[in-house]
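Have a look at the structure below, then the notes.
Convention: sequence-line order gives letters A, B, ...; per-chain numbering from 1.
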Number of protein chains: 2
Amino acid sequence: MNTENKNANIVLKKFENFIRKKKLRNTNERNIILKEIYKNEGHFNPDDLYIRLKLAGYNISRATVYNTLQLLEEANLIIKHYFKENSAIYEKVNFSSPHYHLICIKCGKVTEFEEKEIKQLVKRIVGKYGHKHLNHSMYIYGLCKLCNSF
Amino acid sequence: MNTENKNANIVLKKFENFIRKKKLRNTNERNIILKEIYKNEGHFNPDDLYIRLKLAGYNISRATVYNTLQLLEEANLIIKHYFKENSAIYEKVNFSSPHYHLICIKCGKVTEFEEKEIKQLVKRIVGKYGHKHLNHSMYIYGLCKLCNSF
DNA sequence: CTATTTGCAAACTATTTGCAGACCT
DNA sequence: AGGTCTGCAAATAGTTTGCAAATAG
């Protein structure tokens, strides 16, 4: 079995547990949406996903897409970002290598980077405040090389 | 002169420089908005600000408020956050102590924290990617003490 | 069975835009 | 004087909601 399928199976399992624990219902729509997300790479917004499902032949409403994305976020299977207003951007949780974002406030370009140190730092902070840690994001705002030279 | 006024003067000066450098115009509205922001503490959204200006007797349109907030962000005098969708949240740049945010994905509570290490880390990363650094944010998502116990 | 979930369309809300007039430089 | 900036109202875009029908448990 390839890595992609393995990951997809892990998240389906996790989602099933989450659903059971919360006494929610295991619907086709929810599973289809989760699979569609894990079939693809990179960032996506709710409408991207809605269109992709449409093209794949599924008749799943926007309401259900939004609804399910919220559930998946609570289940810690996707992360929600807000690079700019009026559009939430999601990405799959990457179990092996969390990464962070450099954002150009001029052109909106998003550059990803990794940084092992951050994980330790976050662990310490969360402990201090008694939170249950689900996820974390780091956004560095500035001007990218190109925008900075004009 | 108290600290508040001193800070307000520094930012007015900085904004003036920014305006000049960009060959923009030094309008009353822009200065009124900037002063109003620095008169207050904590987070605010564009509409909060609009209402506050209204109540203070200024007839400044939403369009101008949005417009100016964008300028102030570019001038690095305010930071924009997206704690949840459909509403940008701003705060003044705090020249002495940058701080970061723990966000509860259940109840939306935002807890601020400081962490000196982060600044160094960010400096290193930005250098690596050739960005011009303006600001950075760290968001840690999870469940706050209260939400985690239910 | 029955309470949750769904699809649909309409509603809502934050932000942006177009335009005519006002105002910096 | 000339182009930028403003206020206003209408337009836009993302998300949520209300309701009737479908469906999981």
What's the [atom1]-[atom2] distance between [X] and [N], to the nearest Å?
X	N	atom1	atom2	value
B:Ile32	C:dC23	CD1	C1'	13 Å
B:Asn67	D:dT4	CG	C1'	11 Å
A:Leu72	C:dT5	CG	P	13 Å
B:Tyr50	D:dC8	OH	P	7 Å
B:Asp48	C:dA14	CG	C1'	12 Å
B:Leu24	D:dG3	CG	P	16 Å
B:Lys80	C:dA14	NZ	C1'	11 Å
A:Leu69	D:dG14	CG	C1'	13 Å

Under 4.0 Å: is that the gap between some side-chain N or O of [X] and OP1 or OP2 of [N]?
X	N	answer
A:Asn59	C:dC8	yes
B:Tyr66	C:dT15	yes
A:Thr27	D:dT23	no
A:Ser87	D:dG14	no
B:Ser61	D:dC8	no

Relative to each other, are the rings of [X] and [Y] parallel, tilted or perpendicular (30° and 60° limits)?
X	Y	value
B:Tyr90	B:Phe44	parallel
A:His43	A:His101	tilted
B:Tyr139	A:Tyr139	tilted

Among [options], which nucleotide has an atom closest to any side-chain atom of [X]?
X	options	answer
B:Arg62	D:dA24, C:dT5, C:dT15	C:dT15
B:Ala63	C:dT6, D:dG3, C:dT17	C:dT17
B:Glu29	C:dG7, D:dG7, C:dT15	D:dG7
B:Thr64	C:dA3, C:dT25, D:dT6	D:dT6
B:Ile60	C:dG7, D:dG7, C:dT5	D:dG7

Practice problem: To the nearest 0.5 angstrom, please state how far the CG atom of B:Leu34 sits from the CZ atom of B:Phe15. | Solution: 6.0 Å
Quiz prompt | Rounded distance (nearest 0.5 Å) linking atom CG of A:Leu49 with atom CZ of A:Arg62 | solution = 11.0 Å
Self-check item: Given DNA chain C, 5'-ward residue of the pair B:Asn26 and A:Arg30, judged by closest heavy atom
Solution: A:Arg30
Quiz item: Whom does D:dT23 pair with, Watson-Crick or G-U wobble, provided both distances fall under 3.5 Å?
Solution: C:dA3
Self-check item: Base-pairing mate for D:dC5 - Watson-Crick or G-U, with both contacts under 3.5 Å
Solution: C:dG21
Quiz item: Between A:His136 and A:Tyr100, does a ring pair (Phe, Tyr, Trp, His ring centres under 6.0 Å) hold up when you go through it step by step?
Solution: CA-CA 9 Å; A:His136 57 276; A:Tyr100 309 97; 5.6 Å; yes
